[in-house]
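Numbers restart at 1 for each chain; the letters A, B, ... are given by sequence-line order, proteins then strands. Since the structure is predicted, the reported quantities are computational estimates derived from the model, not experimental observations.
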2 protein chains.
Amino acid sequence: MTTPLEPIDRAILRELTQDGRCSFTDLAERVGLSVSAVHQRVRRLEQRGVLKGYAARVDGEQVGLPLTAFISLTPIDPAAPDDYPHRLEHLSAVEACYSVAGDASYVLKVRVAGPTALEDLLRQIREQANVSTRTTVVLSTPYEDRPPGV
Amino acid sequence: MTTPLEPIDRAILRELTQDGRCSFTDLAERVGLSVSAVHQRVRRLEQRGVLKGYAARVDGEQVGLPLTAFISLTPIDPAAPDDYPHRLEHLSAVEACYSVAGDASYVLKVRVAGPTALEDLLRQIREQANVSTRTTVVLSTPYEDRPPGV
DNA sequence: GCTGAAAATCGTCCAAC
DNA sequence: GTTGGACGATTTTCAGC
């Protein structure tokens, strides 16, 4: 059951999505509430699980991982156990794993150092998960991590 | 030109990726440095653009947007100007936009309230960007936003 | 580049309205 | 929800190594 969100909570989430380290003082000012009120609202959002956490946004290119790609996974053996996420979790290049409807069973988002690293990663994925892969290389990212909803 | 990162900076980024609101005090303890040292390293990473910012991680289901999907865009008119990201930026359901190599020109990550909202969004995208679309619905997200590299 | 300490700010709790 | 106060923790700066 999900209680519908109040506008003020939406505003808080919008601000925190854009600046996750915003102080409660600033936050209170931006959403037009007292510090105490904002404080308890944020705590309630965290407890409810609406706010799952906070993450630094890192520039992949500058950390030596300039190549981003999406990899679609299709099981070779349709009867195999569906534990792909767990089998691929140890690969640090895998930033995200989505279970999807469509031709593929899963889509991975990966970040690697270059073509050679990608080739090596694909080999590991195919071997360890027994899947065929289809890779879409990301050329650039016009925008990402925008705040949800309106 | 990207200066290769020192191990200590990698450690800082790893911690901040997992807990973006981590205090400098904690951070200093975790990476084995003084508070001041960590502080100036973080500031330098921010200035260099390695740290692009901080974002709250929000549970899409709990904010009334339980349906996530990837939408591949293929231009109908190959001679049309390549301003798709800008033309779709105003659609708040679009969380991210990637320029890609492959069959499609762009891939969007979107979050909507349900099938009807998705249908409506697809109509808007096709109309406003003059593209054909291929949509992959996300069923679940085993993991996301993991720290980059090792 | 690191440390340690001072000064300003912030997070957190609480009582009262 | 709000205000105001209080206290400890944190951020931020700076001199010195």
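Atom SG of B:Cys22 and atom CG of B:Leu27 lie 4.5 Å apart (nearest 0.5 Å). Note that the CG atom of A:Leu121 and the OG1 atom of A:Thr116 stand 12.5 Å from one another [nearest 0.5 Å].
The distance between atom CD of A:Gln40 and atom C1' of C:dA15, rounded to the nearest whole Å, is 14 Å. Note: CZ (B:Arg41) to C1' (D:dT12) measures 18 Å, nearest angstrom. Atom P of nucleotide D:dT11 and atom CZ of A:Arg21 are separated by 6 Å, given to the nearest angstrom. Across the protein-nucleic acid pair, A:Phe24 atom CZ and D:dT2 atom P stand 15 Å apart, rounded to whole Å. When the P atom of D:dT11 is taken as reference, atom CG of B:Leu16 falls 11 Å away, rounded to whole Å. For B:Leu33 and C:dG1, the CG to C1' distance is 9 Å, given to the nearest whole Å. Going from atom CG of B:Leu27 over to atom P of D:dT10 covers 12 Å, rounded to whole Å.
For the contact set between residues 43-58 of chain B and DNA chain D, defined by any heavy atom under 4.0 Å, there are no members.
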Stepwise salt bridge (charged side-chain N to carboxylate O under 4.0 Å, His left out) test for A:Arg41 and A:Glu6:
CA-CA 11 Å; A:Arg41 271 179 187 275; A:Glu6 298 173 44; 3.3 Å; yes
Assess whether side-chain contact (heavy atoms from CB on, under 4.5 Å) is satisfied between B:Leu118 and B:Thr135, documenting all intermediate values.
CA-CA 10 Å; B:Leu118 181 56; B:Thr135 303; 4.2 Å; yes
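You'll find a donor-acceptor pair under 3.5 Å spanning the side chain of B:Ser36 and the base of C:dG4, going by distance alone.
Mapped onto DNA chain D by nearest heavy atom, A:Val35 and B:Val35 fall at different nucleotides, with A:Val35 at the one closer to the 5' end.
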Which string of ( ) [ ] | and . matches DNA chain C, if you list each base 5' to 3' and count Watson-Crick or G-U pairs only when both distances are under 3.5 Å?
||||||||||.||||||
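Side chains of B:Glu144 and A:Tyr98: a donor on one and an acceptor on the other come within 3.5 Å.
Contact check on B:Glu127 versus B:Arg123 returns a salt bridge, with a Lys/Arg side-chain nitrogen under 4.0 Å from an Asp/Glu carboxylate oxygen.
In this structure a side-chain-to-backbone donor-acceptor pair under 3.5 Å is missing from A:Arg14 to A:Pro148. Between the B:Arg134 side chain and the B:Leu73 main chain, no donor and acceptor come within less than 3.5 Å of each other. For B:Arg146 (side chain) and A:Glu89 (main-chain N/O), a donor-acceptor pair under 3.5 Å exists by modelled atom type.
For B:His39, a side-chain nitrogen or oxygen approaches OP1 or OP2 of D:dT12 to under 4.0 Å.
Using a 4.0 Å heavy-atom criterion, one finds that A:Ser34 contacts the bases of the nucleic acid, with or without backbone contacts as well.
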